[in-house]
Amino acid sequence: MSITTKATTALGAAAFILAGAVAASAQSNPTVGGAPMLAERNIVENAVNSPIHTTLVAAVTEAGLVETLAGPGPFTVFAPTDDAFAALPAGSVEALLEPRNSGRLAQILTCHVVAAEAFSSAIGGMIADDGGAHPIETVGGCVFTARMSNGRIMIEDEQGRMATVTIADVDQSNGVIHVIDTVLLPSG
């Protein structure tokens with residue numbers, strides 16, 4: 001099954017959850033990919049509604065993490081966009097979505113999740129308190145480094161690759177999402 005087919009299936013399965021979401025009361029959350037992100041919805045419900053996170057939704061579904069990320073949390077999710085996944089070497093995403101690689105996929109995805117709610121102001125404060133570089137310990141066992149650059153949060157993964165938070169503080173009922181432009185990878 002292709003990434004698009006898996007994402008479309010996941011989107012269809014969760015569409016009933018989002019019925020009427022656009023008509024919900026006004027909120028101050030940023031939009032993501034032009035789609036409203038509703039603070040009363042959980043991480044999975046909002047990710048499904050984002051047109052720039054179809055690969056992430058397909059990956060979360062394939063890795064069996066939907067129930068966890070829809071759970072009570074709190075979580076902070078650094079959510080790579082479809083373009084971030086597309087920037088990986090050719091064939092990487094397709095290989096990760098194969099059932100035989102589900103453990104590696106789950107590890108990569110959980111390295112994007114912190115078991116606490118951390119808005120950008122808190123992350124910025126931790127970076128400042130730690131002299132410009134704050135370690136981020138993830139659910140997947142990765143330790144990334146957060147820094148500030150030109151007023152934006154940057155996350156360095158264990159391979160020395162940098163991701164920029166492009167949309168911060170997307171409030172969720174079970175945490176917060178920060179949209180990033182690079183897939184974060186563990187060291188091995």
Side-chain angles (χ1 to χ4, degrees), residues 3 7 32 43-44 47 50 52-69 71 73-170 172 174-188:
I3 294 168
V32 175
I43 289 165
V44 172
S50 168
I52 62 171
H53 286 100
T54 58
T55 305
L56 179 61
V57 169
V60 165
T61 302
E62 184 64 34
L65 297 172
V66 170
E67 187 174 319
T68 299
L69 291 175
F75 302 110
T76 296
V77 175
F78 295 98
T81 62
D82 293 340
D83 288 344
F85 280 100
L88 291 172
S92 297
V93 174
E94 292 79 9
L96 283 170
L97 290 173
E98 293 177 11
R100 65 184 168 93
N101 295 321
S102 63
R104 177 73 171 157
L105 177 62
Q107 178 194 20
I108 290 170
L109 293 173
T110 56
C111 280
H112 289 80
V113 180
V114 177
E117 184 178 66
F119 285 88
S120 62
S121 60
I123 297 169
M126 290 182 271
I127 292 168
D129 290 348
D130 288 346
H134 178 72
I136 299 172
E137 296 181 20
T138 71
V139 171
C142 294
V143 179
F144 298 143
T145 304
R147 294 183 173 82
M148 295 297 290
S149 178
N150 298 318
R152 296 193 115 166
I153 296 171
M154 307 290 290
I155 310 292
E156 182 178 0
D157 71 13
E158 292 181 339
Q159 295 186 16
R161 302 165 64 242
M162 296 296 288
T164 301
V165 173
T166 58
I167 303 171
D169 301 334
V170 186
Q172 315 290 297
N174 61 344
V176 62
I177 290 176
H178 302 292
V179 177
I180 57 174
D181 64 357
T182 303
V183 176
L184 300 168
L185 297 174
S187 60

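For the single chain, residues carry numbers from 1 onward in sequence order.
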Can you find a heavy atom in the side chain of Asp157 that is under 4.5 Å from one in the side chain of Val183?
-> no

Would you check if the side chain of Gln172 reaches a backbone N or O of Val170 as a donor-acceptor pair within less than 3.5 Å?
-> yes

Side-chain contact test, heavy atoms from C-beta onward, threshold under 4.5 Å: evaluate it for Cys111 versus Leu185 and give yes or no.
-> no

Is Asp82 reaching over with its side chain to a backbone N or O of Thr55, donor-acceptor style, under 3.5 angstrom?
-> yes

Backbone of Ala118 reached by a side-chain donor or acceptor of Thr76 within 3.5 Å = yes

Rounded distance (nearest 0.5 Å) linking atom CD1 of Ile177 with atom OG of Ser50 = 8.0 Å

Interatomic spacing from CD1 in Ile155 to CD1 in Ile136 - rounded to 0.5 Å = 3.5 Å

So do the side chains of Leu105 and Leu109 get within less than 4.5 Å of each other, counting heavy atoms only?
-> yes

For the student: nearest non-hydrogen atoms of Ala79 and His53, plus distance | O-NE2, 3.2 Å

Is the backbone of Arg147 close enough, under 3.5 Å, to the side chain of His134 for a donor and an acceptor to pair up by distance?
-> no

Separation between CD (Glu94) and CG (Leu88), nearest 0.5 Å, reads 10.0 Å

Would you say Val60 and Val66 make side-chain contact, with heavy atoms under 4.5 Å?
-> yes

Closest contact, heavy atoms only, Thr145 versus Ala133 = CG2-CB, 3.7 Å

Using the benzene-type ring in the case of Trp, are the ring centres of Phe78 and His112 under 6.0 Å apart?
-> no

Closest contact, heavy atoms only, Met154 versus Ser149 = CG-CB, 3.7 Å

So, do Thr164 and Thr182 sit near enough that their side-chain heavy atoms are less than 4.5 Å apart?
-> no

Can you spot which of Ile153, Val176, Val165 makes a side chain to side chain contact (heavy atoms under 4.5 Å, CB included) with Ser120?
-> Ile153

Side-chain donor/acceptor of Asn174 to backbone N/O of Phe75, under 3.5 Å | no

Report yes if some heavy atom in the side chain of Thr110 is under 4.5 Å from a heavy atom in the side chain of Thr138; otherwise report no.
-> no

Positive for side chain to side chain contact (heavy atoms under 4.5 Å, CB included) with His178, one of Ile123, Val77, Ile167 = Ile123

Do Val179 and Thr81 come within less than 4.5 Å of each other through their side chains, counting heavy atoms only?
-> yes

Please determine, by modelled atom types, if Asp181 and Thr166 share a side-chain donor-acceptor pair under 3.5 angstrom.
-> no

Please answer whether the main-chain N or O of Pro186 pairs with a side-chain N or O of Glu158 as donor and acceptor at a distance below 3.5 Å.
-> no

List the atom of Val143, the atom of Pro135, and the distance in Å for their closest heavy-atom pair.
-> CG1-CB, 4.0 Å

Residues, nucleotides or ligands: over 12 heavy atoms within 6.0 Å of Gln159 CD = yes

